[in-house]
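To find a chain, count down the sequence lines: A is the first, B the second, and so on, and within it residues start at 1. On a predicted model such as this, the values are computed, not experimentally measured, just so you know.
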Amino acid sequence: MPPKFTPRQRKHKVIARQNQNAALDNASADANATEIIPEEQRLRNEKKAALKNELVAEIKGKMSGKKKKRLDKYVETKLKKEENLVLLKKLAEQKMDTTLLRRSKNMGESTQKKRERPVEGPEEFHSESGSGSEDETVRERPRPGKGAKKAVASAEEKPAAHTASSAEAKSVGSAGLFGTGLKRPLEVDESGKPVIQVRKRRKAKAKGKPVVIEEEVPWEGFNSDEDEDEEESGSGPGSASEESGGSEEEDESASASDDSEEDSEEESSSDTSEDENDKSARKERSNAFKAWATTQRNEAIGFVPTNNLTYAIPPQPKNFTPRAPESDPLPPELETKTATDATRKAYSVAVERTPEIQEARLQLPVVAEEQKIMEAIHNNDVVVVWGATGSGKTTQVPQFLYEAGYGAPDGPTPGMIGVTQPRRVAAVSMSKRVGDELGSEKAKVAYQIRFDTSTSAKTAVKFMTDGVLLREISQDFILTKYSAIVIDEAHERSVNTDILIGMLSRIVDLRADLAKKDPKKNKPLKLIIMSATLRISDFTDNKRLFRQGPPPLLKAEGRQYEVTNHFARKTQRDYVEEMFRKVCRGHRKLPRGGMLVFLTGQNEITHLAKRLRQTFTSSQSKEVTTGKVQISPEQTSLETEDIELGANKDDYHDDDGSDSDDSIITGLDNDEDKDEFEDEGGFDIEEGETESEELKVHVLPLYSQLPTNQQMRVFDAPPEGSRLIVLATNVAETSLTIPGIRYVFDCGRAKEKKYDLTTGVQTFEVGWISKASANQRAGRAGRTGPGHCYRLYSSAVFERDFDEYAEPEIMRTPLEAVVLQLKSMGAPVLGFPFPTPPDRTNLQKAENLLLYLGAVSLDGKVTKLGHELSLYPLNPRFARILVMGVAQNLTAQTIALVAALSAPELITPENKLGLREPPLADPSHIRTEQDNVEAEERSRLRKAYNKALAKLAVNAKHSDCIKLNNAVCAYAYESDGDAFCEDMFLNAKAMREAGQLRQQLTSIVRAHRPTALSAYQTKLPAPSSSEVNLLAQICAAGFIDQIALRADLAPIPPELPRKPKTAIDVPYLTLFSSTSQRASKEDPARQYVYLHPSSLLARTPPAKLPAYIIYSHLQRAAPSTVDATTSPKTRMHPLTPVTRPQIVNIALNTPLLQVGKPKGKIVERVVG
DNA sequence: CTCTCCCTT
């Protein structure tokens, strides 16, 4: 909600702020922590000058009136979104502060100014390549021998503007105290309003206009007509080449491309109202992008064979049979879209395969389509291949390409074939399989994933994760090394796949242009998009994406065994209970064959696994409990509420239409026992199976967090005389294929992380899956033979409530990483050809965050810092932390910290230990020896857990981020990492990843800043006490927008019914509202957030809790099913406590706060 | 007093 500044409220605020300051001073009086800069003294002075403080506010109030009118008008016409409004007002106010502060600063601090440089904005491209400009100001110990000379030079270069009257400034002279973060005076226009500094080229445009007003809706500049205009104006590539000092070469290539790009210039010069100067400036900029692309290409020119290409057909092996001529005429969609190369020479690479492989290949439907597919690829730059599961497209299409000469170094298309997969395992396993199938050419196939690669100079077919290819694009935009790219699993619509497709649509055009101009040097790039569903209209009917028209679609039928779907008559709300009953009945009645049970989470899985093992004889003797509690399905509650009464008559069944199968569904679903027995007989006769009564169960859980070796157990054959029952989450839907599954039980739901766009609170919700997902789950029963899928929902619910397809990931995930990456590559954001364009508020949210981090400037351009952040394979927040750590000379420790923060669920949360007393199944249950043994075990576990946590917290000083850092440091000293993780309740998989990430980050930092740290060493000592203080502050730099203030220290403290007794009952207020306005009106308590019990701070006495906490995220539990009247509290996951001076220190170096906010500002925002 | 599905550079 935008603060309204009526004079009365303003006065009230000033008073409130003074109260606040008093409170804060108390809070920070005990701040014995090391400060990054010795600012504390100054801040104390600042406090003494409270009166002057008020003066500033008043002057600001006057100006604010003027400014406010303009802002309001602007807002009325241009902005609907509340958040934009808040941001703009904020920024406007800051700019005004800046003006004041600068003026006062100019009065007497000019010497101080000489070593200051802007933290963001195009000017900083003048700075040398050594270190980010933020170094200077945050550094505790100034680095000697650096910067002085150069800084003076730069100060001379750009003398500060002194045009504004200094009368006001004099009267607020000491306000300069707040301005310590000011890098450089802003320019001011005639009316005294600040002007943002822009790059020289753009100056004409921006000159003399106030920042906020000039910038309209910042995104509108990026429409697709101006793609190139926007692309070139991104500063990433430009800054890179400036830094590398190759300016002469750059000019050369720029002018070269100037000459050769006449036609494309015509397209972009449609705006006739532009004057000539603007036009030529625009042309210059427009060509810069192409120039950059040309440079990229030229850099790799060594790889492209020059003019002695041989097009001759190589000697053919004995068993080579020429391809049969095309018999059918091409369907219309296969007709040539791009320039037909009628003279195309035949070229092929011979592959010798074993007869077994040959035969197996011939079974695959896609092989029958080879001719059509390859013909379409030759005639079109972009092709979409649809092939259902089992069509063999993933393994065969890359081989078709290879045999047609793609990737052959001496052929007409020498570049590699790149195949992307959304998951690492898939990339590795597919490369192995295709390598095997290529027999004699096995050595040409390789894979590359984040921490591992098998590529060599010989590699012709490269399987990789989509993230790897995205990284490669950011280094070589036109993908010089490739002649064809295959995007697999495009139907999954992961963010990376979507971005890749958008990028590649442009790269393909660019390469086609280049090839036209110099066919000998440049070859077109072929793009093959592969999907397993027919949801491809987002790609094919997307004019923005494929400007040449829709790409041709090629179909290959799947080859799967038939799976019969059995819908439930009723859809039970308590699906776990229902699942237990169905699996029990199914196990008793169904013939041999593995079962795969889809549930939504780990808790459900462990719960159900336990009950199944108790109910049946388990093959896992170790886990058989002696005090078996028999709960038959009949005894369990039948009072579950029906969501919906499925229409009995039109029960859905698949094509198969077998009535006996239908009756089994009824049997399985019927609550009455009698039917069940009748059905059983019928079923058994049909399947000729009689021994199911004897069958034991072999129950295995399967979810992502499970240690790998336990996951692997699902691939082993179950013990003789037992049935494999796998209880799985969504991992089993796509990532892992379990052999021998004949029956699938699908609860029809999945757990999904939801992220509230306005408040940032995350929740986990269980919701319906899509029809496509349901069919995918069912399909898991048909891998090795015909199968059955039992669905715990009625066909009516399926038809009515299930979406056709899941929403693309880009619509429901934070986008700061995507936006930063696009911007740093110089790609437009709004104009980017997304297959499905993401929500604008979501993009704006990402943009705001990047602004807070200093990664983009106010006009939406990437800053030098932003470009540096994009070089790290990290979320921008973590990259910001890393860069801050380098600047603070604490590189190795910060790398460990970032690695720890990046790993999910590093420490096993207490609630996953199963420490809770199990609920008594029966009130009359008498405590058995077994119960006692279990209770003892729980108590032992709890003690061990607390001990482990205490170890990790030993020097952490209530900083949870240090706790994580300690885990990584300690792990590095262990020879047996897995055992250590076991003892310390750490996630071994995550710890291993964190270790690898440390290594990766070390080499990247060293490449970028050779002096920052020495070579990677596994062992890293835990941080010293002063390092802990510094590290915690460095950590806060990545989360500067996520500050919580203890609510009782706020100007208007909450009226609590009673004093909080424990730390987790103490209310905090967040910088940005953590709840919607409506919700906080209905229930004022909802505006507060509380500590998460897993935090180190949760064990602190309430009175000793810190005033300020930086947190990583807010979370709210799903509403309790038992008690729906009270909604759960919103809880924050703290990273570290911070003192007020520390906040000021860190915030001063972000664009958001760099201009020095008057004291109390943050608090004001919280309240306002 | 928590109550994390699945991916990735």
Side-chain angles (χ1 to χ4, degrees), chain A residues 420-427 448-451 464-475 489 492-497 499-500 598-607 702-705 728-736 747 749-754 762-767 769 773 806 809 812-813 817-818 820-821 869-876 878-879 902-916 987 990 993 996-997 1000-1001 1004 1061-1065 1090-1095 1098-1099 1113 1115-1122 1128-1133:
Chain A
T420 73
Q421 291 289 330
R423 280 167 293 276
R424 292 184 199 167
V425 262
Q448 183 180 348
I449 60 174
R450 183 168 194 170
F451 297 120
M464 62 197 132
T465 40
D466 40 24
V468 168
L469 187 61
L470 264 181
R471 280 278 140 191
E472 289 188 12
I473 289 178
S474 72
Q475 278 145 36
E489 316 284 5
E492 287 188 22
R493 302 300 307 275
S494 77
V495 173
N496 280 347
T497 323
I499 301 297
L500 265 185
F598 281 102
L599 291 166
T600 72
Q602 201 176 323
N603 276 344
E604 290 170 10
I605 288 171
T606 39
H607 170 79
L702 182 65
Y703 43 85
S704 180
Q705 287 282 336
T729 61
N730 257 346
V731 256
E733 191 178 306
T734 48
S735 309
L736 287 165
C747 74
R749 291 131 170 123
K751 191 177 285 181
E752 212 182 326
K753 186 154 92 176
K754 298 265 174 167
Q762 75 176 38
T763 49
F764 281 91
E765 284 170 27
V766 172
I769 58 176
S773 283
E809 192 191 3
R812 48 193 165 86
T813 189
V818 170
L820 179 61
Q821 196 168 15
L869 299 191
S870 78
L871 297 175
Y872 293 103
L874 294 169
N875 176 289
F878 298 147
S902 300
E905 285 261 295
L906 210 58
I907 300 173
T908 311
E910 191 175 335
N911 58 332
K912 288 252 175 87
L913 296 179
L915 290 180
R916 283 231 165 148
N987 177 347
E993 285 255 319
Q996 288 173 310
L997 185 54
Q1000 188 190 27
L1001 291 177
I1004 295 175
K1061 277 181 188 153
T1062 59
I1064 57 171
D1065 293 327
Y1090 302 85
L1091 285 168
H1092 194 273
S1094 64
S1095 170
R1099 297 160 192 233
H1113 61 283
Q1115 192 170 21
R1116 189 161 47 236
S1120 159
T1121 45
V1122 187
K1129 286 172 173 164
T1130 304
R1131 300 214 171 258
M1132 64 171 155
H1133 291 257

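The 5' end of DNA chain B is approached more closely, in terms of each residue's nearest nucleotide, by Pro909(A) than by the other of Arg423(A) and Pro909(A). Each of Pro422(A) and Arg1131(A) lies near DNA chain B, and the nucleotide nearest Arg1131(A) is the one positioned closer to the 5' end.
Note on Ser735(A): only backbone sugar-phosphate atoms sit closer than 4.0 angstrom, heavy atoms only; bases stay farther off. Within the nucleic acid shown, Asn987(A) has no heavy atom closer than 4.0 Å to any nucleic acid atom. Here Ile449(A) lies in heavy-atom contact (under 4.0 Å) with sugar-phosphate atoms only. Residue contacts for Ala1117(A): at a heavy-atom cut-off of 4.0 Å it reaches the sugar-phosphate backbone alone, with no base atom in range. Nucleic acid contact class of Thr600(A) (heavy atoms, under 4.0 Å, all strands): sugar-phosphate only. Note on Lys1129(A): nothing from the nucleic acid sits closer than 4.0 angstrom, heavy atoms only. The residue Gln762(A) sits apart from the nucleic acid: no heavy atom pair falls under 4.0 Å. As judged by a 4.0 angstrom heavy-atom cut-off over every strand, Thr465(A) is placed among residues touching the sugar-phosphate backbone only.
Computed from coordinates, the Asn603(A) CG to dC3(B) C1' distance equals 6 Å when rounded to whole Å. In this structure, CD of Gln421(A) is placed 17 Å from C1' of dT9(B), rounded to the nearest angstrom. Distance, Glu604(A) CD to dC5(B) P: 9 Å, rounded to whole Å. Here the P atom of nucleotide dC7(B) and the CD atom of Glu492(A) are 10 Å apart, to the nearest Å. Straight-line distance from the CD1 atom of Ile473(A) to the P atom of dT9(B): 14 Å, rounded to whole Å. If you measure from atom NE2 of His1113(A) to atom C1' of dC3(B), you get 13 Å, rounded to the nearest angstrom. Atom pair Leu500(A):CG and dC7(B):P shows a separation of 19 Å (rounding to whole Å applied). Atoms NE2 (His1092(A)) and P (dC3(B)) sit 4 Å apart, rounded to a whole Å.
Contact annotation: Ser704(A) does not reach the phosphate of dT4(B) (side-chain N/O to OP1 or OP2, under 4.0 Å). In this model, the phosphate group of dC3(B) is approached by a side-chain N or O of Gln1115(A) to a distance below 4.0 Å at OP1 or OP2. Contact between the side-chain N/O atoms of Lys751(A) and the OP1/OP2 oxygens of dT4(B) is found at a separation under 4.0 Å. Close to dT9(B), at under 4.0 Å from its OP1 or OP2, lies a side-chain N or O of Arg424(A).
Residues Gln448(A) and Glu472(A) form a side-chain contact, since some pair of their non-hydrogen atoms from C-beta on lies under 4.5 Å apart. Two residues are said to be in side-chain contact when any heavy atoms from C-beta on lie closer than 4.5 Å; Asn987(A) and Gln705(A) meet this criterion. Using a 4.5 Å heavy-atom threshold, the side chains of Thr465(A) and Pro422(A) count as separate. For the pair Leu1091(A) and Met1132(A), the minimum side-chain heavy-atom distance is below 4.5 Å.
With dT4(B), dT2(B), dT9(B) as the candidates, the nucleotide lying closest to the side chain of Phe764(A) is dT4(B). Distances from the side chain of Pro873(A) to the nucleotides dT9(B), dC5(B), dC3(B) place dT9(B) closest. Here the side chain of Asn911(A) is nearest to one of dC7(B), dT4(B), dC3(B), namely dC3(B). Proximity note for Arg450(A) (side chain, C-beta onward) versus dT4(B), dT9(B), dC6(B): the nearest is dT9(B).
In this model, no donor atom of one side chain and acceptor atom of the other lie less than 3.5 Å apart for Gln602(A) and Thr729(A).
With hydrogens and angles ignored, the 3.5 Å screen pairs a side-chain donor or acceptor of Arg1131(A) with a backbone N or O of Ile1064(A).
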